[in-house]
> 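Below you will find the structure I want to go over with you.
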Amino acid sequence: MKRIAALSVAVAMMLAAGMIVPAQDVEEGKKVYTTLKCRLCHSIAGVGNKKSPLDGVGARLNEEEIRKWIKTPKEMKADTKMKAYPDISDRDLADLTAYMRSLK
Ligand code: HEC
């Protein structure tokens, strides 16, 4: 039992650090991306607005930076045109971030 608890803690820490991205979250994140219409300004693999492609964003930015870009983009760039999503739920933000992190 103890060993299982220790293992869950380790997995939780790796999840928090963005070291492992569960496929399920990525799939949910794709739905959030569609629902929030990110593609009006962004493209992924050539689909969407090619002005701001998000391809490779997971290799450029860490989890913390991606979360900020979505929730409080002005913390990343004061005069940014990026739309802020201050009311996004923690779950949606986590899934969306997982999806962004998978774009390498
Ligand atoms: C109104 C247009 C618009 C919408 C809608 C929008 N974005 Fe953005 N986003 C931008 C622009 C423009 C930038 C580039 C920021 C800059 O340089 O000012 C950006 C930057 C980003 C970045 C950082 C990219 C990088 O390469 O550094 C991420 C990540 C991002 N957006 C994710 C999203 C997600 C996820 C959504 C949907 C929830 C979304 N954006 C919706 C316009 C938008």
Side-chain angles (χ1 to χ4, degrees):
M1 219 27 220
K2 239 187 193 161
R3 199 178 274 173
I4 293 173
L7 192 66
S8 336
V9 170
V11 169
M13 281 166 65
M14 285 193 278
L15 279 169
M19 287 162 71
I20 39 178
V21 180
Q24 195 193 338
D25 290 7
V26 172
E27 287 309 311
E28 287 302 313
K30 284 183 191 172
K31 291 184 202 156
V32 178
Y33 181 87
T34 304
T35 309
L36 295 180
K37 302 194 169 60
C38 312
R39 67 164 191 284
L40 292 178
C41 300
H42 293 287
S43 65
I44 293 173
V47 180
N49 188 332
K50 296 193 180 62
K51 260 191 188 165
S52 303
L54 287 173
D55 304 289
V57 75
R60 281 198 300 278
L61 303 175
N62 65 30
E63 174 163 358
E64 181 68 25
E65 290 164 334
I66 292 171
R67 283 173 175 262
K68 278 194 183 160
W69 266 117
I70 297 165
K71 208 168 174 176
T72 52
K74 291 209 166 9
E75 277 184 40
M76 295 303 287
K77 193 176 161 193
D79 63 345
T80 185
K81 299 267 191 313
M82 163 76 186
K83 182 173 156 48
Y85 297 87
D87 300 324
I88 189 170
S89 73
D90 287 349
R91 183 73 253 171
D92 283 358
L93 184 60
D95 292 339
L96 190 51
T97 303
Y99 178 37
M100 296 288 110
R101 293 276 298 163
S102 75
L103 304 171
K104 303 226 162 135

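Positions are given from 1 along the sequence. Since we're looking at a predicted model, the values are computed, not measured. Heavy-atom basis, side chains included; hydrogens, waters and symmetry copies ignored. As the structure lists them, so they are numbered: ligands from 1, and atoms in each ligand from 1.
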> State, to 0.1 Å, how close K71 and D90 come at their nearest heavy-atom pair, and which atoms those are.
NZ-OD1, 4.2 Å
> Near atom 8 (Fe) of ligand 1, which protein N/O/S atoms fall under 2.8 Å?
H42 NE2, M82 SD
> Can you tell me which portion of D79 lies within the under-4.0 Å heavy-atom range of ligand 1? Options are side chain, backbone, both, or neither.
neither
> Which pair of heavy atoms, one from I44 and one from M100, lies closest together, and at what distance?
CD1-CE, 4.3 Å
> Which ligand 1 atoms, with their elements, are less than 4.0 angstrom from a heavy-atom of K77?
16 (C), 17 (O), 18 (O)
> Indicate the atoms forming the closest heavy-atom contact of N49 with L40, along with that distance.
ND2-O, 2.9 Å
> Would you mind writing out the side-chain donor-acceptor pairs for residues 50-60 within the sub-3.5 Å range, not counting sequence neighbours?
{"residue": "K50", "atom": "NZ", "partner": "G46", "partner atom": "O", "Å": "3.1"}
{"residue": "D55", "atom": "OD1", "partner": "A45", "partner atom": "N", "Å": "2.6"}
{"residue": "R60", "atom": "NH1", "partner": "D55", "partner atom": "O", "Å": "3.4"}

> Considering only heavy atoms, which of L36, L40, V57, N49 lies nearest to atom 24 (C) of ligand 1?
V57
> With a 4.0 Å heavy-atom cut-off (strictly under), which part of V32 contacts ligand 1: side chain, backbone, both or neither?
neither
> What protein heavy atom sits nearest atom 41 (C) of ligand 1, and how far off is it?
Y85 OH, 3.4 Å
> Of the non-hydrogen atoms in V26 and S102, which two are nearest, and what is the gap between them?
CG1-OG, 3.8 Å
> How far apart are the closest heavy atoms of L93 and R67, and which atoms are they?
CD2-NH1, 3.8 Å
> For E28, is there an ion pair with K31 - N to carboxylate O distance below 4.0 angstrom?
yes
> Which residue and atom name correspond to the protein heavy atom nearest atom 18 (O) of ligand 1, and how close is it?
T80 OG1, 2.7 Å
> With respect to L36, which candidate in I70, I88, D92 satisfies the side chain to side chain contact (heavy atoms under 4.5 Å, CB included) definition?
I88
> Is the shortest side-chain N to carboxylate O distance from E27 to K30 below 4.0 Å?
yes
> Show the atoms of ligand 1 that are less than 4.0 angstrom away from any heavy atom in R60.
25 (C), 26 (O)
